[in-house]
Structure formats: structure tokens, C-alpha cells
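Single-structure report; data block below.
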Amino acid sequence: MANFVEIKRLSEHVGEEVTVKGWIYNKRSSGKIKFLILRDGTGYLQCIVFKGNVSEEVFELSGNLAQESSVSVKGKVKAEPRAVGGYELDCTDVELIHQSQEYPITPKEHGIEFLIDHRHLWIRSKKQVAILKIRHRIIKAIRDFFDDRGFTLFDPPIITPNAVEGTSTLFETEYFDLGKAYLTQSGQLYAEAGALALGKVYTFGPTFRAEKSKTRRHLTEFWMVEPEVAFYDLNDDMDLAEEFIEYVVQTVLKDMKVELEILERDTTSLEKVIRPFPRVSYTDAVEILKKKGHEFEWGNDFGGADETIVSEEFDRPVLIHRYPAEVKAFYMKRDPEDSSLALAVDMIAPEGYGEIIGGSQREDDLDELLKRIKEHNLPQEFFEWYLDLRRYGSVPHSGFGLGLERTVSWICGLDHLREAIPFPRMIYRNTP
RNA sequence: UCCGCGUUAGCUCAAUGGUAGAGCAUGCGGCUGUUAACCGCAGGGCUGUAGGUUCGAGUCCUACACGCGGAGCCA
């Protein structure tokens with residue numbers, strides 16, 4: 001047991017003399033009294049340094065502490081409604097661990113360019129700490145959800161010899177004597193192999209897209225969860241996605257109230273994320289667009305603006321299913337009732353956050369899949385192992401991918417994905 | 001790749017074509033309950049780069065660089 005107390009546990013020590021270690025978040029002074037706001041990653045604590053209660057040296061030191069200096073403070077814990085967090089520390093001693101140099105991120109406003117240049121320090125700020133804690137809670141909720149339902153975590157390779165979907169551009173690398181290799185853009189094909197081995201699996205890891213996307217909804221490196229289940233059809237897949245999103249959102253609402261408040265997130269929209277979610281076919285969604293006076297030609301894929309317009313019809317995430325096969329990936333199964341449609345589903349988050357889930361029932365027929373690979377001009381030799389899954393006990397199976405940062409961004413109410421991950425990787429930035 | 005906007009103090013921003021300014025941060029001083037504390041004083045500038053127009057350019061024009069936002073693509 002360490003010899004200091006975490007700020008979030010101070011309520012258990014009212015009246016006691018304790019030691020707290022942390023960093024100077026801010027300070028104020030008024031003659032013979034100084035207010036040090038300490039942060040330690042678990043919370044914020046107002047430390048009172050009265051002249052007379054401490055030695056002359058400690059009083060002077062308290063006035064000279066630069067922002068973000070690290071200190072160890074000793075004092076008595078008091079309940080104090082005027083202080084942040086409801087408790088404060090009546091200091092008897094302040095020990096300097098390290099005097100900070102002039103800290104670049106001041107308590108005033110900063111521009112995004114400056115903040116992102118100082119991302120390694122920016123993550124110490126109150127809102128960023130709240131976001132990163134919510135991100136962690138979301139990750140845990142995701143893992144709990146699948147673990148509790150008998151899924152096995154199945155880690156796909158990150159280095160792959162070929163494009164999974166063939167549509168996006170990939171980060172390329174030389175792989176010893178074997179020639180070009182690529183950073184994965186999806187673990188899905190491997191998850192399918194896993195599902196036929198283990199029944200229910202999910203992958204959870206980083207994926208990479210070298211597309212020159214330059215929007216608030218894109219990162220070049222992002223985390224994705226991809227469940228894949230044997231014997232599930234598209235409807236089962238949608239049921240799973242619905243239950244999953246409801247669980248994640250409601251868990252965060254329940255456990256992360258303080259952080260959501262720090263972010264000033266209006267949670268009324270999140271509170272409505274309760275099953276069942278509306279389900280509309282692509283064709284119906286096109287009708288919604290037309291009805292609202294937007295020009296749209298059946299057969300095109302939805303853009304971000306189109307998604308938002310459709311989602312505004314509903315008060316919770318909406319599932320759009322059965323897209324034109326033309327705009328979807330080669331591995332998606334065609335709708336037996338209309339072969340021009342793919343058994344695909346996207347989930348669109350409310351409030352303009354766009355697509356957070358993309359999934360489908362997979363093509364399980366060998367000949368159909370061979371035909372698609374040819375149509376898409378994909379190199380069949382790279383897919384032989386994938387085709388084997390259709391040669392040896394093929395079954396209907398389905399899955400989806402959830403973008404972690406988009407989910408974090410939506411739940412936290414962020415206006416850009418770059419704040420949803422500790423160190424974002426974007427087209428014109430790979431530092432810090 | 002395309003379209004739009006921007007670049008002035010460490011940071012956030014002002015400044016009719018006519019002497020370069022404020023707040024925060026920093027330093028010094030004041031204040032016994034502050035809440036992005038407050039009050040006083042001080043230091044701090046090749047106005048992104050290179051050209052051009054003009055008696056005179058932070059301001060107008062051209063090019064370039066960098067950044068931000070959006071489109072396409074997608075999670």
C-alpha cells in the first residue's frame with residue numbers, strides 16, 4: 001500500500017491527516033492564504049496554505065509553484081462545499097518534487113493547432129482526462145459485453161499480404177524476402193476463420209487506412225471491434241448490434257456521470273438509446289431523402305450529409321440495411337429476394353455523428369464468392385485460405401465492425417475524432 | 001486530389017493604406033476564502049516566406065509554404 005491517498009478516495013479520510021501527490025493544476029493567492037489546485041489523475045483537490053499553519057519556507061514555496069509542478073502535500077481533509085470535488089486539504093506541509101518550467105498550456109483558450117502540437121501535455125487537461133477515462137470505460141464495456149455472451153477474443157494479424165476489401169489504399173511495407181506487405185485495414189476475414197473455429201469471436205485492435213481523408217470523421221490509425229458469429233443471418237446481426245450499442249451507451253451513462261458533466265455533454269439524446277432501434281432499408285432511406293426534398297439517385301452510396309438527414313428522422317441510432325451490392329464489399333452476401341442488393345447494414349449514430357457500425361451477412365457460397373473476387377479484380381491466390389472457409393463446412397455467418405473513436409466521439413459529444421484517442425494519426429500529422 | 005478560410009508577442013486575438021495593441025502566461029509588488037480570482041508595475045514583435053503596387057503595406061496584388069474546415073473514401 002502506497003503512503004499517499006488518491007484524491008477520489010479523500011471522502012474516506014475526512015478529519016484525517018493524509019499525504020496527496022500530484023501536479024499543480026492552477027493556483028490563486030490572497031495575501032496570507034494560498035489556494036493550490038492539485039490534480040492526480042483521479043480528481044482535483046483544493047489545497048489551502050495559510051501563513052502560520054506552515055513554515056515560512058513552505059509558504060514561500062507555495063507562492064512560487066509553477067503550473068504543473070509536481071508536489072507532495074500533507075494536511076487534514078475537510079468537507080468544503082466551496083471547493084472543487086467537495087473536499088479540501090488544510091496543508092501542514094508542501095514538498096516540491098519537481099519545479100515545472102513555464103508550462104505552455106495556460107488556463108486560457110488555445111487554438112487546435114497549438115493543442116495538438118502539445119498533445120502529450122494537452123492530455124493532462126480536465127476535458128481530455130475525462131474523454132480518455134470514458135474511452136477506457138467504453139473499451140471495458142465492449143469487452144464485457146462480448147465476454148459475457150460467450151465470445152472469444154480473436155486477434156487477427158496486423159501485417160497482411162493483401163487488401164482485405166480492395167477499396168481503400170493501404171500503408172505499405174517491405175516484408176523481408178516476401179515482397180510487399182500491408183498494415184491491416186480490417187481483421188474481418190480472419191475473424192470469419194475464427195468464427196468457423198470458435199463459433200462466436202470478436203477482434204479488437206488498431207487498423208490502418210492510408211486514404212487521404214481530411215475530415216473530422218477520419219483518422220489514419222484507429223481502433224475497431226469486429227464480432228463475427230457462425231450461423232447468424234443479417235437479422236441476428238442487427239439484433240446483436242442493437243443490444244451491443246444499447247449496452248455500451250447505457251453503461252457509460254451509468255458509470256461516467258462525472259466525466260460527462262465535465263464535458264458538458266447533454267445526455268438526453270443518449271438516454272434514448274434503448275432497443276428497439278429503427279430499421280429501414282436503403283430503398284426506404286432514399287425515399288426519406290427524396291421526401292425531404294434532397295436529390296438522390298438510387299444506387300449511389302450515402303455521403304455524410306445524407307446519413308445525417310436520414311438519421312434526423314429518428315430519435316435513436318438507425319439501422320440502414322440492404323444496400324445496392326455495387327457500393328458494398330465483395331464478401332457480402334446478396335439478398336436472395338433481390339440479387340442487386342447486399343445483405344449489409346450500417347448503423348448511423350444520431351446528432352450527425354454518422355456511421356459507427358458497418359456489417360453484413362457474408363457470402364458463404366464458394367462459387368458466388370469466386371465470381372465476386374473475379375468481378376472485383378482481386379488476386380484469387382491471396383484468398384485461397386478464405387475460400388477454404390467455403391470448402392470445409394461453410395455456414396451462414398455475419399458480423400460487423402464498430403469504430404471505437406467514432407463511438408467515443410459520439411458519446412462524449414466531441415466535434416473531432418482527434419480528441420477520442422491519446423495520440424491521433426492524421427493525414428498531415430504523425431507527431432507527437 | 002479538389003474547393004473554401006486562415007497565418008500579428010510564448011498562447012488567444014485586435015489594429016479605415018499613416019507611431020504595433022489587449023487579455024492570459026512570465027517577473028516584481030499588494031490582498032486571510034479564492035473558483036479560468038482580483039489590483040498595480042515591468043519585460044516581451046523580421047506581422048509565415050519571397051516578390052510587387054505605393055510617398056508610405058500587418059492591411060492591396062502574385063507565387064509559395066504551413067495549418068484548419070469541407071468533398072470524395074470509409075469505422
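Letters A, B, ... are given to chains in the order of the sequence lines, protein chains preceding strands, and every chain is numbered from 1.
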Mind checking whether Trp298(A) and Tyr282(A) have ring centres under 6.0 Å apart?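 That pair passes the under 6.0 Å test.
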Applying a 4.0 Å non-hydrogen cut-off, can you work out what [X] is touching in the nucleic acid: base, sugar-phosphate, or nothing?
| X | result |
| --- | --- |
| Ser29(A) | base |
| His218(A) | base |
| Leu417(A) | base |
| Asp301(A) | sugar-phosphate |
| Ile37(A) | nothing |
| Lys78(A) | base |
| Gln67(A) | nothing |
| Glu221(A) | nothing |
| Lys34(A) | nothing |
| Ile356(A) | sugar-phosphate |
| His118(A) | nothing |
| Phe50(A) | base |

Rounded interatomic separation in angstrom, taking [atom1] from [X] and [atom2] from [N]:
| X | N | atom1 | atom2 | value |
| --- | --- | --- | --- | --- |
| Glu80(A) | rU35(B) | CD | C1' | 11 Å |
| Glu307(A) | rC74(B) | CD | P | 11 Å |
| Asn53(A) | rU32(B) | CG | P | 14 Å |
| Asn300(A) | rC74(B) | CG | C1' | 16 Å |
| Phe114(A) | rC66(B) | CZ | P | 21 Å |
| Ile262(A) | rU35(B) | CD1 | P | 20 Å |
| Tyr25(A) | rU34(B) | OH | C1' | 17 Å |
| Lys214(A) | rC73(B) | NZ | P | 18 Å |

Has the side chain of Ser213(A) got a donor or acceptor that lies under 3.5 Å from a partner of the other kind on the base of rC74(B)? no
Tell me if the side-chain of Glu88(A) makes a donor-acceptor pair with the base of rG33(B), cut-off 3.5 Å, by modelled atom types.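 Side chain to base: pair present.
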What interatomic distance, in whole Å, is found between [atom1] of [M] and the corresponding atom of [N]?
| N | M | atom1 | result |
| --- | --- | --- | --- |
| rU8(B) | rG23(B) | C1' | 15 Å |
| rU35(B) | rG67(B) | P | 40 Å |
| rG27(B) | rU59(B) | C1' | 34 Å |
| rG21(B) | rA42(B) | P | 14 Å |
| rC64(B) | rC73(B) | C1' | 29 Å |
| rA71(B) | rU19(B) | C1' | 46 Å |
| rC3(B) | rC39(B) | P | 48 Å |
| rG69(B) | rC61(B) | C1' | 26 Å |

So is [X] actually on top of [Y]'s ring, under 6.0 Å and inside 45° of the axis?
| X | Y | result |
| --- | --- | --- |
| Lys200(A) | Phe146(A) | no |
| Lys34(A) | Phe59(A) | yes |
| Arg425(A) | Phe423(A) | no |

Can you tell which of [options] lies closest to the side chain of [X]?
| X | options | answer |
| --- | --- | --- |
| Thr106(A) | rC31(B), rC11(B), rA25(B) | rA25(B) |
| Ile33(A) | rC74(B), rU32(B), rC11(B) | rU32(B) |
| Glu113(A) | rG67(B), rA71(B), rG33(B) | rG67(B) |
| Ile112(A) | rC73(B), rU12(B), rC68(B) | rC68(B) |
| Glu355(A) | rA75(B), rG67(B), rG33(B) | rA75(B) |

Does the [X] side chain pair with the main chain of [Y], one donor and one acceptor, at a distance under 3.5 Å?
| X | Y | value |
| --- | --- | --- |
| His294(A) | Lys290(A) | no |
| Arg316(A) | Ile274(A) | yes |
| Ser125(A) | Lys127(A) | no |
| Arg135(A) | Ala420(A) | yes |

Looking at Arg418(A), I'd like to know whether one of its side-chain N or O atoms comes within less than 4.0 Å of OP1 or OP2 on rG69(B).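 Answer yes for this pair, as a side-chain N or O of Arg418(A) is under 4.0 Å from OP1 or OP2.
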Verify the contact: side-chain N or O of Arg28(A) to OP1 or OP2 of rC39(B), cut-off strictly under 4.0 Å; return yes or no.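 For rC39(B), OP1/OP2 do not have a side-chain N/O of Arg28(A) under 4.0 Å.
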With Ile139(A), which of Leu404(A), Thr407(A), Val225(A), Ile134(A) fulfils side chain to side chain contact (heavy atoms under 4.5 Å, CB included)? Leu404(A)
Ring centroids of Phe222(A) and rA75(B) base under 5.5 Å with planes under 30°: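 It does: the two rings, one from Phe222(A) and one from rA75(B), meet the stacking criterion.
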For Tyr103(A) and Phe35(A), find the nucleotide of RNA chain B closest to each by heavy atoms; which residue's nucleotide sits nearer the 5' end? Tyr103(A)
With nearest nucleotides of RNA chain B determined for Phe302(A) and Arg429(A) from heavy-atom distances, which residue corresponds to the more 5′ nucleotide? Arg429(A)
Going by distance alone, is a donor N or O of one side chain under 3.5 Å from an acceptor N or O of the other, for His397(A) and Glu192(A)?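 The criterion, which ignores hydrogens and geometry beyond distance, is satisfied for Glu192(A) and His397(A).
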Watson-Crick or G-U stems of RNA chain B, 3 or more pairs, under 3.5 Å, by first number: B:1-7 with B:65-71, B:10-13 with B:21-24, B:26-30 with B:38-42, B:48-52 with B:60-64
Within-4.5 Å side-chain heavy-atom neighbours: Lys292(A) and Glu287(A): no
